[in-house]
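Please read the structure below before turning to the comments.
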2 protein chains.
Amino acid sequence: MAATIRDVARLAGVGLGTVSRVLNDSPLVSPATRTRVLDAIAELRYSPSQIARSFSSGKTLTVSVIAPFFTRPSVVERLRGIESALHANGYSLVVFNVETSARRDACLHDVSRHDRSDGALIISLTPRAGEVQLLRDAGVPVGLIDTSAEGMYGVCIDDIYGGELAVRHLLDRGHRRIGFLGDSEAEVQDFNFTSSRHRQLGYLKALDAADATLRPEYQRYGVHGRSEARLLARELLQLPEPPTAIFAASDTQAMGVLEASRDLQLRVPEDLSVIGFDDIDVAEYLGLTTVRQPLFMSGQRGVEILLGLIGGEPPDPPSQVLPIELVARGTTAPM
Amino acid sequence: MAATIRDVARLAGVGLGTVSRVLNDSPLVSPATRTRVLDAIAELRYSPSQIARSFSSGKTLTVSVIAPFFTRPSVVERLRGIESALHANGYSLVVFNVETSARRDACLHDVSRHDRSDGALIISLTPRAGEVQLLRDAGVPVGLIDTSAEGMYGVCIDDIYGGELAVRHLLDRGHRRIGFLGDSEAEVQDFNFTSSRHRQLGYLKALDAADATLRPEYQRYGVHGRSEARLLARELLQLPEPPTAIFAASDTQAMGVLEASRDLQLRVPEDLSVIGFDDIDVAEYLGLTTVRQPLFMSGQRGVEILLGLIGGEPPDPPSQVLPIELVARGTTAPM
DNA sequence: TGCTACTATGGAACCAGTTCCAAGATTACG
DNA sequence: CGTAATCTTGGAACTGGTTCCATAGTAGCA
């Protein structure tokens with residue numbers, strides 16, 4: 001049986017409280033006593049029970065992270081930022097991977113039960129009005145990453161502006177027939193993802209500002225993934241009057257577009273310009289032009305915000321907007 | 001203030017034990033009483049404190065996962081398998097990302113403090129003899145994934161055989177000048193990674209069996225990563241008598257080799273055959289020939305083993321070896 | 001009817017820490 | 001030297017569950 005704080009107290013010949021004080025680095029212990037206690041701790045190879053500690057103090061030093069499809073490169077990179085910042089602050093992270101809408105709802109609901117963790121970070125999933133209310137009522141500290149919601153705190157980017165940035169890059173190079181490829185309606189609804197839609201809004205806005213004709217058939221939606229995007233892109237490229245450039249709502253989907261152009265023997269960027277979003281690791285390898293967002297940093301900032309909330313300080317401003325930038329590589333060219 | 005089990009007992013007009021029994025689905029409660037308790041629970045919107053529960057029962061329903069470089073695609077895929085299996089069994093996972101040897105040692109040591117979790121899964125990091133002893137003494141259930149150690153339990157693959165498989169594939173296609181590209185000595189030492197070395201042993205074994213001359217200059221080592229591999233591959237390919245095929249110890253490193261051949265205007269597979277290891281997601285996209293190992297399944301199996309251990313049943317056999325297979329794609333061809 | 005066996009229930013004790021109050025020891029200072 | 005202020009210290013009470021023992025109630029059976 002492992003030693004308890006009482007065993008230590010007995011061996012050191014001091015009281016319970018004194019041992020607790022030593023453990024918590026309280027200044028209210030004389031050096032001599034402290035030494036005696038530390039010796040006893042070493043002798044008994046005592047290590048305090050974290051569970052008992054959490055139980056009595058009410059702090060778990062743990063944060064829950066709800067991440068949709070955590071194998072997606074962009075999500076992984078955010079998680080790395082989160083882990084790094086949490087670890088630096090002595091916190092652990094519990095990961096919940098959301099791959100179905102049922103799990104999404106369950107996770108958001110469970111978070112409000114405020115138990116095993118001191119707070120939660122939610123990646124990319126936008127809480128609906130009712131859920132926001134639930135979370136607020138429960139009083140759980142929550143930080144949003146890659147999304148925002150009325151009355152909640154977090155970090156995000158301006159996806160609309162990002163979409164504009166991408167499409168303006170294409171317009172500037174003389175493209176007028178520009179396709180868009182984004183997430184399926186079902187996915188957007190089920191998970192309440194917002195970024196694909198916002199990026200599309202930016203696309204529409206940029207086209208509008210340039211007086212380019214909008215063609216509904218140039219906008220395609222499919223389940224997020226390379227192979228789905230490949231099929232959609234093939235459809236786009238086989239239209240009677242195919243687009244000369246395609247803006248994919250994510251780098252992963254842009255990879256599907258590249259595959260499709262390979263399938264159809266189209267050269268990129270000579271016959272087709274392709275631009276993605278996120279600047280995930282492989283984008284550089286592929287020479288993919290894309291809109292870069294600070295993924296790692298989003299995780300770090302999310303943690304800062306959340307730890308602030310846990311400490312009782314609401315961040316100001318409530319929602320930080322991180323900078324994004326266009327990274328021009330080899331998959332886009334003038335017409 | 002949240003309601004406690006005592007509030008529920010009072011409202012339902014029953015004893016503490018009875019409420020606890022209802023919560024734990026004990027059959028020793030009459031239907032009428034159960035209903036009364038459930039009503040009280042609903043009325044108070046009571047939800048049991050997980051921490052208190054863990055504290056008093058000694059079970060945390062949580063598992064720690066120690067993962068080196070958890071952004072590497074292969075690791076992420078294993079994590080997904082782990083999360084999926086843990087969630088199916090009502091467990092949560094706490095992730096520790098190891099990116100330095102100091103953290104590796106700290107994590108392995110912390111696990112033995114058996115506290116916040118019921119057990120641990122260790123990915124790819126082989127415990128050293130002293131660490132094995134420490135873990136055994138601490139009595140913490142531990143499952144190893146992608147590695148094995150004397151007296152410990154887990155799942156792995158036969159990396160030596162995998163290396164042979166890869167090299168035989170090249171030999172069969174007439175290649176005799178075959179390079180190998182693996183992890184740096186420093187990395188292997190610091191983290192005690194074994195797979196790169198084992199794959200190299202398979203490489204040596206296959207070459208030996210084929211009476212192909214071994215050339216020390218054909219074997220290069222560098223920090224795991226695409227750009228490092230790219231540099232090493234460039235060195236290999238600029239030798240007076242360059243290899244006609246390269247076996248990279250991982251798909252990520254194989255991508256570096258592909259970059260290097262692009263740099264040097266070498267066509268793959270016409271001028272150079274390239275084979276990787278793991279069959280990560282992008283391998284298919286790149287048409288990379290590789291040795292596939294069941295990553296997702298390794299996570300699942302690891303969880304099965306660990307939960308068995310937690311339940312008191314040592315797995316038989318102690319170490320499972322998962323099947324691997326060669327996936328021939330477009331980056332390898334006959335000379 | 002009386003005795004046994006089993007079901008249902010209440011609640012004290014326990015898990016291992018933290019917190020805080022009371023009290024003893026020591027120091028400062030007039 | 002006495003008194004107040006400050007520093008140390010001990011330990012009871014508390015956190016919110018689970019467990020288990022004692023007991024009341026009930027059914028079964030001769």
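Because the structure is predicted, anything quoted here is derived from the model rather than measured. Chain naming here is simple, since letters A, B, ... match the order of the sequence lines and numbering starts at 1 in each. Side-chain atoms are counted along with the backbone in the values below, which use heavy atoms only and exclude waters and symmetry mates.
- Relative to the side chain of A:N24, the nucleotides C:dT18, D:dT18, D:dG16 differ in distance, and C:dT18 lies closest.
- A donor-acceptor pair is defined here as one N or O able to donate and one able to accept, closer than 3.5 Å; such a pair exists between the side chain of A:N192 and the backbone of A:T126.
- The distance from atom CZ of B:R116 to atom P of C:dA16 is 16 Å, rounded to the nearest whole Å.
- Counting only distance, with no hydrogens or angles, the side chain of A:D118 and the backbone of A:V63 share no donor-acceptor pair below 3.5 Å.
- Counting non-hydrogen atoms under 4.0 angstrom, B:S20 reaches a base of the nucleic acid.
- Note on A:S30: every side-chain N or O is 4.0 Å or more away from OP1 and OP2 of D:dC7.
- A:R53 places its CZ atom 19 Å from the P atom of C:dC15, with the value rounded to the nearest Å.
- Listed for the A:D105 side chain is no donor-acceptor partner under 3.5 Å among the backbone atoms of A:A102.
- Put simply, the side chain of A:E187 gets close to the backbone of A:H224: a donor and an acceptor are under 3.5 Å apart.
- Along DNA chain D, the nucleotide nearest to B:P48 and the one nearest to A:R34 differ in position, and the one closer to the 5' end is contacted by A:R34.
- Annotation: of the two residues near DNA chain D, A:G13 and A:R6, the 5′-most nearest-nucleotide partner is A:G13.
- In this structure a side-chain-to-backbone donor-acceptor pair under 3.5 Å is present from B:R104 to B:F191.
- Counting non-hydrogen atoms under 4.0 angstrom, A:P31 reaches nothing in the nucleic acid.
- Among the nucleotides D:dT18, D:dG16, D:dG10, the one closest to the side chain of B:S57 is D:dT18.
- For the pair B:D7 CG and D:dG17 C1', the computed distance is 13 Å after rounding to whole Å.
- Residue A:S56 places no side-chain N or O under 4.0 Å from the OP1 or OP2 atom of C:dA16.
- A:D25 has its CG atom 13 Å from the P atom of C:dT19, to the nearest Å.
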- request: Step by step, work out the side-chain contact (heavy atoms from CB on, under 4.5 Å) result for B:R53 and B:N24.
  value: CA-CA 11 Å; B:R53 208 169 220 188; B:N24 294 288; 3.6 Å; yes
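- When rounded to the nearest whole Å, the span between CZ of A:R21 and P of C:dC20 equals 12 Å.
- With hydrogens and angles disregarded, no donor-acceptor distance shorter than 3.5 Å links the side chain of A:E77 to the backbone of A:S74.
- Computed from coordinates, the A:I51 CD1 to D:dT18 P distance equals 14 Å when rounded to whole Å.
- Here the C1' atom of nucleotide C:dC15 and the CG atom of B:L16 are 15 Å apart, to the nearest Å.
- Using a 5.5 Å limit on the distance between ring centres and a 30° limit on the angle between planes, the aromatic ring of B:F55 does not count as stacked on the six-membered base ring of D:dT15.
- Rounded to whole Å, atom C1' of D:dG17 lies 10 Å from atom CD of B:Q50.
- Not a single donor-acceptor pair under 3.5 Å links the side chain of A:S92 to the backbone N or O of A:T62.
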- request: Sugar-phosphate means primed atoms, P, OP1 and OP2; the rest is base. With that split, encode nucleotides 23-28 of chain D 5' to 3' as B, S or - using protein heavy atoms under 4.0 Å.
  value: ------
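- Checked against C:dA8, D:dG16, C:dT18, the side chain of A:L23 finds its nearest nucleotide in C:dT18.
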